[in-house]
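Following: one structure in structure tokens, then a few remarks.
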Amino acid sequence: MTITEKILAAHSGKSGVTPGEIVMVSVDVAMANDITAPQAIKEFHRTGVASVFDPEKIVLVCDHFVPSKDIASAEQVKLVRQFAHEQNIRHFYETGSGGICHALLPERGFVAPGDVAIGADSHTCTYGALGAFATGVGSTDMAAVWATGKIWLRVPESIRIVFTGNLPKWVGGKDLILNLIGRIGVDGARYKALEFTGDAVRQLSIFGRLTIANMAIEAGAKSGIFEADVETEAYLKARTQRTGTNYSSDTDAKYADEVEIQVSNLSPQVACPDLPENVKPVEELKDVKLDQVFIGSCTNGWLSDLRAAAEALRGRRVHPDVRLIVIPATAEIYLDALREGLIETFVEAGAVVGPPTCGPCLGGHMGVLAAGEVCLSTTNRNFAGRMGHPTSKVYLSNPAVAAASAVTGRITHPEKIFS
């Protein structure tokens, strides 16, 4: 079996499972946010079940519209807060205490290798970087998980993705996953588990892996997963007492497909409007003028991302025609960036630094685009209207490219500002 099949077999009480099989799976952690939790709460109450299956396994994170931008978003957070109190759910996070859900859960040690993690948000696949099966579901499915502690799933086929070679300067997890999506398309892994491996993967930090797993859904995947290794163990050691179970795929495991990508000569990749599959090397986009640059989100709001951005911005100024918005993904990351002087670097360069929130990523607030405006973003989606007006345009890149481009006012390879 593959890693994914082994995890689903273990959580369904079976000795083995096969792709296409429907299984009832026990859930280790169930997460919802301020957008998806309110509807799940209403559906949960409709079931007539008095108490959630295990309040210690439920995490509620208010992150999409916080600090609340209007009365409606404030009411959403209020409903989630009341439910947390009512059900004795200790793991409730809002403004000041948490951050973006998909960064917060790994940071707080809620997910361990071998877990089944279910979230009412499509980018729940992020946690696959830790060797877990993680996938997003709808709010009604989440209500059923809260009531029973279980969920039914169709066992996905797996696609083996092998990244080989040595990572060039300025190339990281964002570039690897964009390159893959550019090759196979936004539906190239529909309802498949993307299993990432190869020499280049082992050179990535856990944060580069989290970025790759985060965007598995952008290829249509059910999940993305990495085999847990020493890098995973080192990251989790200070964050959780749970060791989890490290699974590896059998040598005779069956895959729906295998894709091998040599990365040694890879340039930073940029996804052009209006799909994550519309990918080009950064060098081909040097004439694209920008109105806004956003560095943050559950994809690239990690401390390592902020360090890369600060390296490009240190001693430089943001172009006068560009708005640069920087948002650390969690309160812990914000504090670490403050201690390292990164926040000072951003502000001195002319950026605005916001509190941990999804904010501009989904066109929620703190950076909505006007008609015809162009944004370079470190987020995961660039659909038409994703970050604001339907005629605005969004390009996706890694944080170093984003920071360098904020300086020049056009999409720019980072090495250009160092030459």
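Just so we're clear, the structure is a prediction, and the values are computed from it rather than from any experiment.
A search for ring-ring contact (aromatic ring centres under 6.0 Å, His included) contacts involving F133 returns nothing, not counting sequence neighbours. In this structure E218 satisfies the salt bridge (charged side-chain N to carboxylate O under 4.0 Å, His left out) test together with R381, sequence neighbours excluded. Residues that satisfy the salt bridge (charged side-chain N to carboxylate O under 4.0 Å, His left out) test with E86, not counting sequence neighbours, are absent from this structure. R239 meets the salt bridge (charged side-chain N to carboxylate O under 4.0 Å, His left out) test with E332; sequence neighbours excluded.
T135 is not listed as a side-chain neighbour of C125, based on a closest heavy-atom distance of 4.5 Å or more. Contact of the H91 side chain with the R108 side chain is not registered, since no non-hydrogen atoms from C-beta on lie closer than 4.5 Å. Side-chain contact between I3 and F226 is absent, with no heavy atoms from C-beta onward closer than 4.5 Å. A heavy-atom distance below 4.5 Å is found between the side chains of E107 and Y235. Between K416 and T408, every side-chain heavy-atom pair lies at or beyond the 4.5 Å cut-off. Between N179 and V263, every side-chain heavy-atom pair lies at or beyond the 4.5 Å cut-off. Between R209 and F196, every side-chain heavy-atom pair lies at or beyond the 4.5 Å cut-off. In this structure the side chain of T412 never reaches within 4.5 angstrom of the side chain of V282, judged on heavy atoms.
The neighbour count for I71 CD1, taken as heavy atoms of other residues, nucleotides or ligands under 6.0 Å away, does not exceed 12. Heavy-atom contacts from other residues, nucleotides or ligands closer than 6.0 Å to CD of E233 number 12 or fewer.
Atom CG in D141 sits 12.0 Å away from atom CH2 in W146 (nearest 0.5 Å). In this structure, M215 CE and N300 CG are separated by 8.5 Å, a value rounded to the nearest 0.5 Å. Going from atom CG of L104 over to atom OG of S97 covers 8.0 Å, rounded to the nearest 0.5 Å.
Of the possible donor and acceptor atoms, none in the side chain of E157 sits under 3.5 Å from a partner among the backbone N and O of A256. The main-chain N or O of R154 is found under 3.5 Å from a side-chain atom of Y191 such that the two form a donor-acceptor pair. The backbone N or O of A144 lies less than 3.5 Å from a partner atom in the side chain of T148, making a donor-acceptor pair. Although no hydrogens or angles enter the test, the distance criterion places no donor-acceptor pair under 3.5 Å between the side chain of D187 and the main chain of G220. Side chain of T2 to backbone of S249: no donor-acceptor contact under 3.5 angstrom is found. A donor-acceptor pair under 3.5 Å links the side-chain atoms of D28 to the main chain of V116, judged by distance alone.
Taking each heavy atom of G131 and I7 in turn, the nearest pair found is O-CD1, 3.6 Å. The nearest pair of heavy atoms linking L204 to G172 is CD2-C, 4.2 Å. Residues T378 and P399 approach most closely at CG2-CA, 3.7 Å, considering heavy atoms. In this structure, I89 and I58 approach most closely via the heavy-atom pair CG2-O, 3.5 Å. Considering all non-hydrogen atoms of both residues, V186 and P276 come closest at CG1-CD, 3.9 Å.
Using a 4.0 Å cut-off between charged side-chain N and carboxylate O, D257 and K192 make no salt bridge. Electrostatic pairing of K169 and E311 counts as a salt bridge here, judged by a charged N lying under 4.0 Å from a carboxylate O.
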N/O donor-acceptor pairs under 3.5 Å from side chains in residues 352-372, not counting sequence neighbours:
residue: T357; atom: OG1; partner: D63; partner atom: O; Å: 3.0
residue: T357; atom: OG1; partner: V66; partner atom: O; Å: 2.6
residue: T357; atom: OG1; partner: G359; partner atom: N; Å: 3.3

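Within the cation-pi definition used here (under 6.0 Å to the ring centroid, within 45° of the axis), R316 qualifies as a partner of F418.
Neither side chain, T124 nor D121, offers a donor N or O lying under 3.5 Å from an acceptor on the other. Residues H102 and N214 bring no donor and acceptor atom of their side chains to less than 3.5 Å of each other.
Of the residues I411, L178, V270, L285, the one that meets the side-chain contact (heavy atoms from CB on, under 4.5 Å) test with K280 is L285.
Sequence neighbours left out, the pairs with a member in residues 281-321 that pass ring pair (Phe, Tyr, Trp, His ring centres under 6.0 Å) are F207-W302.
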